[in-house]
Each structure stands twice: as structure tokens, then as C-alpha cells.
Number of protein chains: 2
Amino acid sequence: MRLTSRRRALLKILEEADRHLDAAALLEVAQQQMEIDRATVYRTLELFKREGLIDELDLMHLRGEMHYYEVRTAKEHFHFACFGCGRVEEIATPLFEQLKQEVGREKGFTIQTARLEIGGYCAECATSASQRRDSESSAPMASPPET
Amino acid sequence: MRLTSRRRALLKILEEADRHLDAAALLEVAQQQMEIDRATVYRTLELFKREGLIDELDLMHLRGEMHYYEVRTAKEHFHFACFGCGRVEEIATPLFEQLKQEVGREKGFTIQTARLEIGGYCAECATSASQRRDSESSAPMASPPET
DNA sequence: GTATTTGCAAAAGCTTTGCTGCAAC
DNA sequence: GTTGCAGCAAAGCTTTTGCAAATAC
């Protein structure tokens, strides 16, 4: 694979992003620094995926059906997505590696990639959700506040 | 949620399918037994997902970007997808449950759903892939059988 | 000079939506 | 009567593709 200037730039953007980017977001950021076409972004993501440079995530489809990308690092981790506030947290535990090893050993699989995504409510959202449940159940919701 | 005849039929098809169906495949099977529209299938899948009756899978995008659905059962499991032959295997291990519990406990998350997907090569494909590697040097392509 | 990469525009998929009529309660 | 469901057709969005020009080696 040739690391052209465009490819280098796309990789850099993914590396330095403070959130997980989907193809459209990556394109938008990239276009702020250079002239680049959608097709190039998609082709490059496909290439990076094939080469194992990046991983593809869904983040439990929190915000739609699109896919998100992140640069693969030495530090194995997986993702928790909060259905309440939308936050995405990266989590690491030795159990994950252990699980993969067990599967590989017991089934004879050669594992190339593993994706674990957990969806639910973070501590804060779980609390406010149960508070809402307590008042909502009898009285109907008032109309939402004006903006 | 009202369990209409269409919804019941769709659920039954998903339950009895011998493979993982995507929306188009589900529509096709359903249309063999009744008149039903795409929109109904998509709306119903969305509903089932919300209600927690089904889980949505990617199967590591083995056959494209579409999503697959399966009825949620008491028996927790996850999926292994072979990039070589396209087989999808369901796997269960106590470590998976243990991992989820650890995450919930340590982070205070209320976990609603967890999806673990592993991609790689099954024992047979790993063998033939390494044989191929000895002669050529091109990576095997996944071209799974259509059902 | 040959092979790869890119832009452009169009097409292809998959999914959603507005609207209308129908069915259930 | 009111509410929810389903069909139809069209639109929406994301992603892919063919082809010609540009770039790299």
C-alpha cells in the first residue's frame, strides 16, 4: 500500500479525532484541509480496513445506521454506548482478551478481529430515567419547554 | 404493542429461520406466505428492536453492509464469522456473561444489550489459507454461499 | 512507460417517510 | 370515534462504480 498524502491525512484525522468519525464526518474534516472526494474517502477506509489499520464500529447504531472508524492500537478495548446521553466510552478488561483466546483455542479459529459493543444507560442516565419513570407513570407528560 | 398477524408471521419466520436473515431476505420469505410491504417489514423490525424481541447483527459485514436479525433468547451467545467460507457460528461461554457483569458493576452501567462479533478463519479455512500462502501470496476472498 | 490513485458524476443499495385507506378496540 | 397498522410510492442517505485525467515510481 502506498501512503499517499491523502491517505496520510485521513489516517492522521482519525488518529487525532476526539470522537468516532463516520465516513461523512471524516470527509468533512478532510475537506477543510484539502480537496478530496467522497469516493477517495470510502476507498481509503476500505483499504485501511483490509490492511487492519482501522476498525469499524456501529456504536450500537446510537445515531443511525452509519459506521464509525478508529485507528487500531495496541491497547485492546471495546465500547459502551449510552442510549440516554449518547456518550461512548472505551473500556478495557483482561476478560476480553481471555475470551478471545478461549474461543480461538476451543474452536480452532484464527481470530483476526473482534468487536464488542455494549449498549445501555450510564450511571447518570439510569438514575434520571428511573426518576422519570416515577413521575411519568401516572401523570401524562407536559408539553416540552419552549426553546 | 399489538401482535398483528403480520407481526406474528415475521417473528415466526425469524424464529424458524436456519440462517440469519436481513430485511430483504425476511421480506422475501414473508411475501411467499402473504401480501406484505417492505415498509411494514422495516417498521416491524424497528419495533421488535425497540421492544427487545430481536437483536441486530452485522456478522462482521461478511456479505455487505446490511444488518441481520435474530430473535432474542434466554441463551446468551455471540457470533463468529469466517472470512474464508462465510460460515457463521454461534458461541457461548460463561466468560461473556462474566465480562458484562464486570463492566456493569465497575462502571455503574445498566446494560441492555451486548453484541460480540468475532471475525477470522475457521479451522479448515485457516489450514487451506496457509497452504495457499505457500504457493501464492494473495489473501483469500470471502464469497459465501447464497441460500 | 506502467501501475496506481483520484475526481467526477451517476448509479446502486438499503432504509425511511408522507399520505391514504383500513382495521381494531 | 379514536388510535394504530399497512400499502404505496417517492424520497433520503450512505456507499459503490466506470471512466478519464493526474500522479507516482
Side-chain angles (χ1 to χ4, degrees), chain A residues 1-14 19-51 53-70 140-141, chain B residues 1-14 19-51 53-70 137-139 141-144 146:
Chain A
M1 181 193 71
R2 206 147 70 194
L3 237 217
T4 64
S5 63
R6 257 145 254 249
R7 291 181 183 164
R8 196 162 27 235
L10 290 174
L11 203 54
K12 186 147 178 277
I13 292 170
L14 288 176
R19 66 195 165 105
H20 292 100
L21 302 175
D22 66 348
L26 176 58
L27 172 65
E28 198 183 343
V29 175
Q31 279 182 332
Q32 284 166 15
Q33 7 183 313
M34 67 204 306
E35 196 205 282
I36 185 170
D37 190 75
R38 248 176 322 183
T40 304
V41 169
Y42 281 107
R43 285 193 273 237
T44 304
L45 285 173
E46 193 55 41
L47 175 70
F48 285 172
K49 227 181 350 176
R50 260 205 322 279
E51 300 273 331
L53 266 68
I54 59 173
D55 286 312
E56 186 180 49
L57 317 170
D58 284 345
L59 301 181
M60 287 324 245
H61 300 123
L62 216 56
R63 323 186 194 224
E65 300 292 300
M66 69 284 269
H67 297 112
Y68 300 88
Y69 300 90
E70 75 177 7
M141 270 251 290
Chain B
M1 181 191 71
R2 206 149 70 196
L3 236 216
T4 65
S5 63
R6 257 143 256 251
R7 290 179 184 167
R8 197 163 26 236
L10 291 174
L11 203 53
K12 186 148 178 280
I13 292 170
L14 287 176
R19 65 193 165 108
H20 292 100
L21 302 176
D22 66 348
L26 177 57
L27 172 66
E28 198 183 343
V29 175
Q31 279 182 332
Q32 286 166 14
Q33 14 184 330
M34 67 203 306
E35 196 205 281
I36 187 171
D37 190 76
R38 247 175 322 183
T40 304
V41 169
Y42 280 107
R43 284 194 271 239
T44 304
L45 285 173
E46 192 54 41
L47 175 69
F48 286 172
K49 228 182 348 176
R50 260 206 322 279
E51 300 273 331
L53 267 68
I54 60 173
D55 286 313
E56 187 178 51
L57 316 170
D58 284 347
L59 301 181
M60 288 321 245
H61 300 121
L62 216 56
R63 323 186 191 214
E65 299 294 300
M66 69 283 270
H67 297 111
Y68 301 87
Y69 301 90
E70 75 177 6
S137 61
S138 58
M141 283 299 299
S143 53
E146 268 301 300

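Within every chain, numbering begins at 1; the chains are lettered A, B, ... in the order of the sequence lines, protein sequences first and strands thereafter. Predicted, not measured: the structure shown is a model, and the values here were computed from it.
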Separation of D:dG7 C1' from B:Q31 CD (nearest whole Å): 11 Å
Does the pair B:E46 and B:R43 meet the rule for a salt bridge (charged side-chain N to carboxylate O under 4.0 Å, His left out), with working shown? CA-CA 5 Å; B:E46 192 54 41; B:R43 284 194 271 239; over 6 Å; no
Output yes when at least one side-chain N/O atom of A:R2 is less than 4.0 Å from OP1 or OP2 of C:dA3, else no. no
If only side-chain N and O atoms of A:T40 are considered, is one of them under 4.0 Å from the OP1 or OP2 phosphate oxygen of C:dG7? yes
Side chain of B:I36, heavy atoms from C-beta onward: which of D:dG7, C:dC14, D:dC5 has the nearest atom to it? D:dG7
The side chain of A:R38 is closest to which nucleotide in this list: C:dT17, C:dA10, C:dT15? C:dA10
Please give, in whole Å, the distance from D:dC5 C1' to B:L10 CG? 13 Å
Tell me the interatomic distance from B:D37, atom CG, to C:dC19, atom P, rounded to whole angstroms. 17 Å
Heavy-atom pair with the smallest gap, counting every atom of B:D37 and B:L27: C-CD1, 3.9 Å
Within the pair A:T4 and C:dT4, is there a side-chain N or O less than 4.0 Å away from OP1 or OP2? no
A:Y42 side-chain N/O to D:dT15 phosphate OP1/OP2 under 4.0 Å: yes
Winner on side-chain proximity to B:A39, out of C:dT17, C:dT4, C:dC14, is C:dT17
Within this structure, what is the CZ-to-C1' distance between B:F48 and C:dT15, rounded to whole angstrom? 18 Å
Would a 4.5 Å heavy-atom cut-off, applied to side chains only, mark B:M1 and B:R7 as touching? yes
Donor/acceptor link under 3.5 angstrom from B:R43 side chain onto base of D:dG4: no
Quick one, B:E56 and A:D58 - any side-chain contact, counting heavy atoms below 4.5 Å? no
